[in-house]
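Notes for the one structure printed next.
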Amino acid sequence: MFSTSDTIVAIATPPGRGGLGIIRISGPDAARVAVLLTDQQKPLSPRVATFATVRVGAGTGSNRDHVVLTYFVGPASYTGEDVVEISAHGNPVVLQAIVRAAVEAGARLAERGEFTLRAFLHQKLDLIQSEAVNDLIEAVTPLQARVAFDQLEGTLTERIRSIDAQVFDVMAKLEASLDFPEEGYHFVGAAEAANSIGEVIQRIDELLSHAARGRLIREGAQVAILGTPNVGKSSLFNALLNANRAIVTPIPGTTRDVLTERADIGGLSLSLIDTAGVRDTTDTIEQEGITRARSASAVADVVIVMLDRSRPVDDADRALLTETAGRRRIVVLNKCDLPLPAGASDEALPAVRILHVSATTGHGIDALVEAIGRVLSDDDAPRDQPAMTNLRHVTLLERARESLDRARHSLAGGVSEEFPLLDLQEASGALHEVTGQRTSDDLLQHIFSRFCIGK
Ligand code: GDP
């Protein structure tokens, strides 16, 4: 079991230098520890910024830094316990010295995520919200941040609680029927209960149907650009990244290695993989690049297969199209700013949906970005559902759904109430695990160990 009886301290701002650095102290002794560090004579007033000086370093090398202390009395604080935040100059030496002094004054160094864990243990946040704190901190794209904010606000929690309430309602009625059978009084008919469970399943399905997109938002995806040499892969890579990381060159086969770059594209965090030209070659270094290209594209969530519109489609292009036929892919025809080769026409192209782009003029790039988002999320409907971004939540909801389905079948098949009740209890348990009403120490350890120290 986790202890909340001691007082913890950590630097809350990121490592490095900045205008300000903040140290957070939380626990029953927070105010006492803070006062011991400073020249404060009087007890701290809650929620008032108090100017003070702290001693930094020991002996003759010691200095004094000006700080501002803010005291939040529990339970009205982030962790739900007494918290003091010390704003000092954002220098690692200063901040570490203050932390050391706090430890000498009786605080303990906080573990990863321990402030948020305490917030969870004191019921300031449920588990979904706690996970959202980390997602928010880790968010790279505005969309990731928005989804994390949504979960922090409790939209997903609310939805899951309301689904759970519906399960509870069916359970209560079934139990009542079970408790008073001799009265021949059925609080709920089997068909009616099966119907209600059907409704719950539908609500879970609605949430799950957006899980693919939700996970994509949270975790990002890998996109590989494939094509024979010189079709314009590096140029597209750059156009998408808006940066000049890959060397763009007119000589075939110069992108010998695989470049990966993470970027916010259309609100999604995508790792773009620019691969060496896929073609048969005898050059060993290039051969190595091609092997890597094949393996990189094998793990990619989506591949962009690129053809060059300014020359006829050749055997290597066709081989690539065949090779990627079973993949989630987007076929793009690049260099659409150039004229078609003599005698060629767009009709001669293979029968796949093709996007026309020009990596150099930027034509069609927006449409390509949109297509990537669509292909990856497997759905293009506008959404008013809370996003399910977290695999843990998805797995538990799927488990709840299975139990509910079993219960529904038992009821429809006329099985006595005890059995569907067990399944409903299982479903409810899975829902409680999502929100953290039911957890284990291992699970908490697992979740909070992914946080940074000071969060
Ligand atoms: P890669 O080998 O597939 O990575 O191809 P690069 O990106 O190095 O491009 C090969 C050549 O085609 C370079 O000279 C690029 O400037 C040129 N190129 C790439 N995209 C376009 C395009 O859309 N239009 C035109 N006109 N040239 C392009």
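The analysis underlying the following values was restricted to heavy atoms, covering all of them including side chains, and did not include hydrogens, waters or symmetry mates. Remember, it's 1-based here, ligands and their atoms both numbered in the order they're listed.
- Near Asp337, with a cut-off below 4.0 Å to any heavy atom, the atoms of ligand 1 are 22 (C), 23 (O), 24 (N), 25 (C), 26 (N).
- Between Asp315 and Arg318 there is a salt bridge, with a side-chain nitrogen of the basic residue lying less than 4.0 Å from a carboxylate oxygen of the acidic one.
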Do any side-chain atoms of residues 448-455 form donor-acceptor pairs under 3.5 angstrom with protein atoms, and if so which ones, sequence neighbours left out?
residue: Ser449; atom: OG; partner: Gln445; partner atom: O; Å: 3.0
residue: Ser449; atom: OG; partner: His446; partner atom: O; Å: 3.1
residue: Lys455; atom: NZ; partner: Ala12; partner atom: O; Å: 3.3

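- Nearest-heavy-atom check against atom 4 (O) of ligand 1 across Gly362, Ser234, Gly364 picks out Ser234.
- Nearest-heavy-atom check against atom 5 (O) of ligand 1 across Gly227, Gly232, Ser310, Cys336 picks out Gly232.
- Every residue two or more places apart in sequence or in another chain that forms a side chain to side chain contact (heavy atoms under 4.5 Å, CB included) with Asp317 is listed here: Thr228, Leu307, Arg311, Val313, Asp314.
- Side-chain N or O atoms of Thr324 include none that pairs as donor or acceptor with a backbone N or O of Arg327 at under 3.5 Å.
- Atom numbering of ligand 1 starts at 1 in the shown order; those under 4.0 Å from a heavy atom of Leu338 are 26 (N).
- Atoms of ligand 1 lying under 4.0 Å from any heavy atom of Ala359, numbered from 1 in the order shown and given with element: 20 (N), 22 (C), 23 (O).
- Between Val357 and Gly364 the shortest heavy-atom distance is CG1-O, 3.7 Å.
- Ligand-side atoms of ligand 1 in range of Ser358: 22 (C), 23 (O), 24 (N), range being under 4.0 angstrom from any heavy atom.
- Comparing heavy-atom distances from atom 2 (O) of ligand 1 across Asn230, Thr228, Leu226, Val332 singles out Asn230 as nearest.
- In this model, no donor atom of one side chain and acceptor atom of the other lie less than 3.5 Å apart for Thr157 and Gln129.
- The heavy atom nearest to atom 25 (C) of ligand 1, out of those in Val231, Thr360, Leu236, Ile365, is found in Thr360.
- Heavy-atom contacts of Lys233 reach the following atoms of ligand 1: 1 (P), 2 (O), 3 (O), 4 (O), 5 (O), 7 (O) (cutoff under 4.0 Å).
- Proximity to Ser235 (heavy-atom distance under 4.0 Å) selects the following atoms of ligand 1: 6 (P), 7 (O), 9 (O), 15 (C), 19 (C), 20 (N).
- Taking the ring centre of Phe72 as origin, the terminal cationic atom of Arg47 falls outside the region bounded by 6.0 Å and 45° from the ring axis.
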